Amino acid sequence: MLLTLERETQIRKKLPYTLTRSIKMVVLSTMKAFQLLFLLLVSCAVASTYPPSRLSSCQVVQMDVLCSNLSLRRAPVNLPPGVQMLDLSRNQVQNLSQETLANRNGFHHLKLHSNKIHFIQPGLFRNMTKLKVLDLSRNHLNVVALSKINIGALTAVESLDLSSNGLYTGMSDYFLADSPSLANLSLNSNSITKIAQNTFSGSLGLKKISLQNNVIMEIEEGAFDSLNHLTELDLSKNSITCITDFNLYNLKVLNLSKNSMELFESASSDTFYNLLYLDLSENKMPNFPLLPRKNMLKYLDISHNQLQTISECPEKKTCVLLSHLRYLDMSYNQLRTIPEYFFCLVKSLEVLNVSNNCIDSFSVSSESLLQRVRIIDLSYNSLQSLTFEEKTLPLLEELILQGNNLATLDHRIFQRLPSIKYLQLQKNNLKVCASEYRPELTDPNHQESHRCVSFSSVRNLQFLYLSENNLGTLPANAFANTPLKFLDLSLNQGLDLDKESLSGLEDSLDHLILRENNISSLNTDLSTLRSLKHVDLSTNQLTSLPTWNKESSIESLNLQNNNLVTLEYSTMLTLKSSLKTLYMGSNPLSCCKNLGSLYMVQQSAVVVPDIASVTCIHEEFSEPVNIEKVTVSMCHTKSTKSYIIIVILTLLVVMSMLALLVKCCRSRKQKYNRRFRA
Ligand SMILES: *[C@@H]1O[C@H](CO)[C@@H](O)[C@H](O)[C@H]1NC(C)=O
Ligand SMILES: *[C@@H]1O[C@H](CO)[C@@H](O)[C@H](O)[C@H]1NC(C)=O
Ligand SMILES: *[C@@H]1O[C@H](CO)[C@@H](O)[C@H](O)[C@H]1NC(C)=O
Ligand SMILES: *[C@@H]1O[C@H](CO)[C@@H](O)[C@H](O)[C@H]1NC(C)=O
Ligand SMILES: *[C@@H]1O[C@H](CO)[C@@H](O)[C@H](O)[C@H]1NC(C)=O
């Protein structure tokens, strides 16, 4: 039978209160009878075609019964035999008992999150010897804990989620006291302030504990010591201020992000630590953490702290070698320098992020340092000097120097980085050298003002960002022998591109950004750049389109906010075959001079994302006209009208001449007549 208690109560609720009890009974029983009959028929039909696939409104998928979000107070009583997973999440379950689980014990996986569970029958899970995953998150388990009765053994449960249950210190004890198989525990988003020594004494098999987003201020000594299998501990988003004598040798992942940490000190022991990931970001650490001497740490995040120096270790012996470290993030601190000896300690480093500090000089002079570094982020510091000696940084691919106000650099600095691929130099004050630049030939008195950086023959450079550098000129052959694919020259007001500035990039350049450069005419021939697909020319003073020939393969073109009055039809026709996206809003386009181009855009597959703001000017309208509203006849009306006026005027002239002639003749005749009469 498929009818459940829920159905009956729902039916009852829907009836108006004014019905008398007897009517109610009659109605109810008739409805019940009908429903029973109907359901019987349906279930017969279903049973005869496939095995039971629906259960009241629940879905049955193989051995899983899915009853999420159906306002249920309990599981349907007619669960199919052998059900393994029951999803009762997002319902109205309050009492969790044998009865609410349809007296079944064979579950492997129970999803009970987002209910209103405030009572759990003691011993309920004892006989569920197959139950491995139990999700009780988002319930009212704090009420359960207030009764101070253990829920009893979690015989086989390996993964238990108790997050978002309003649990405070000590309350988890009633759920964990007897959970020998537990490996994965979440207590996230509760109100726990202290981890007592015995908190996990009933769950010694724990491998992963998540205590994120509580208010933990105290961890009693030895609270995790007996958990020999513990490898992951998430204590992020708590109120921990310091950790001393850190001695969890088996731990692989420790997350202490978003606490109030001022100190992290490992026990001074020669035991080997397995720690791989340590996240100390968003704390208040004034000093570099004291890490275990024997470690294999791979990932260290100390970003968003208050580091001012990387602690000195004048005697080599006292230094902690981080010889396995691959990733180090120290962004958003107050570092002024990174002493070179520090690089001796991190010889396997691949990613170094020291952005948003106060570093004024950075140098790598010894060949044996940082041989494996691929990415260095030095953005938003106050760099005045930057030096790399030959053969240092052989694998560096990405160098981020954005926002440093760098004005002087050794002019061949980037040629010393054999693998450099991405170079971010936005928001600096650099000048670009001509390819044949030789510093010895420039006037020594003016050397400072002539300092420039060479970008030619940087053998692997593909992405170059030079926006906001106050670039005045871009000399000829600036990128010769450099296989640039992407070049951003935007926001360099008044940039003067040499006619040959982009030569050498014919077969590589794919993306060119010349936005906000106040360019009034482009004297560089973009049509020679055969690989060019994306061009941004927005916010300039262009009065005409650059010319492109038949070989053009431009796919996206941004012409927004220029001084374009006409879009040359021949150029538009050339672009049509490859163009996919065209921006052209905020230009003083003429409606009638661009009929061909506008019609072409309207009819082609080109997408104009800013079409709403693309307007043109028509003498007869006081406001600019949206190009979608421009029609051929709009531009012919004027000539037709003048034609009519001319015709009318001619007619008028002819008529008045005729009238004059007639009058003349008549007066003569009259004269004659008069004379004749006289
Ligand atoms: C839940 O169970 C308790 C104890 O068995 C009982 O007192 C209470 O009435 C039950 N509540 C509901 C809503 O069934
Ligand atoms: C541990 O439990 C959490 C929360 O229930 C879950 O997201 C995670 O996948 C589980 N991890 C393992 C290894 O079982
Ligand atoms: C540490 O926790 C924070 C916040 O909960 C999270 O954003 C971060 O990804 C975690 N770190 C690691 C290494 O998992
Ligand atoms: C360095 O850190 C900053 C700030 O946290 C971040 O925005 C940037 O993406 C990081 N750089 C790299 C290369 O990961
Ligand atoms: C932009 O160029 C125009 C002339 O084309 C010039 O009058 C104006 O001063 C320039 N603006 C800036 C900010 O360079």
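All values reported here derive from a predicted model rather than from experimental measurement. Just follow the structure's listing: the first ligand is 1, and inside any ligand the first atom is 1.
Within 4.0 Å of ligand 5, protein heavy atoms come from Gln493, Asn518.
Considering backbone and side-chain atoms alike, Ser236 places an N or O below 3.5 Å from some N or O of ligand 3. Taking only nitrogen or oxygen atoms, main chain and side chain alike, Asn353 reaches within less than 3.5 Å of ligand 4. For ligand 3, the polar-atom distance check finds an N/O of Asp279 within less than 3.5 Å of one of the ligand's N/O atoms. Taking distance alone, with nitrogen or oxygen atoms compared against 3.5 Å, Tyr277 stays at or beyond that limit from ligand 3. The shortest N/O to N/O separation between Asp377 and ligand 4 falls below 3.5 Å.
Applying side-chain contact (heavy atoms from CB on, under 4.5 Å) to Leu489 and the options Ile513, Leu497, Val432 leaves one that passes, Leu497. Exactly one of Asp536, Val535, Leu522 qualifies for a side-chain contact (heavy atoms from CB on, under 4.5 Å) with Leu514. That residue is Leu522.
Shown in contact with Ser331 at under 4.0 Å from a heavy atom are these atoms of ligand 4, numbered in order with element: 2 (O), 4 (C), 5 (O). With ligand atoms numbered from 1 in the order given, ligand 4 contributes 13 (C) to contacts under 4.0 Å with heavy atoms of Ile375.
In this structure, the side chains of Leu417 and Leu399 come closer than 4.5 Å at one or more pairs of heavy atoms.
With a 6.0 Å radius and a threshold of 12 heavy atoms from other residues, nucleotides or ligands, Tyr299 has its OH atom above the threshold.
Remark: side-chain polar atoms of Asp135 are not paired, donor with acceptor, to backbone N or O of Lys111 under 3.5 angstrom. Asn469 places a side-chain N or O within 3.5 Å of a backbone atom of Leu430 that can act as its donor or acceptor partner.
Aromatic ring pairs are classed by plane angle as parallel below 30°, tilted from 30° to 60° and perpendicular above 60°; the pair Phe479 and Phe455 is tilted. Ring geometry for Tyr422 versus Phe463: interplanar angle under 30°, hence parallel rather than tilted (30 to 60°). The aromatic rings of Phe486 and Tyr465 sit tilted, their planes meeting at an angle between 30° and 60°.
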Should Arg374 and Glu350 be marked as a salt bridge (charged side-chain N to carboxylate O under 4.0 Å, His left out) after you check the CA-CA gap, both sets of side-chain angles, and the distance that decides it? CA-CA 5 Å; Arg374 287 186 297 108; Glu350 292 177 6; 3.6 Å; yes
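Not a single heavy atom of Ser303 sits closer than 4.0 Å to an atom of ligand 4. At least one heavy atom of Gln212 sits less than 4.0 Å from an atom of ligand 3.
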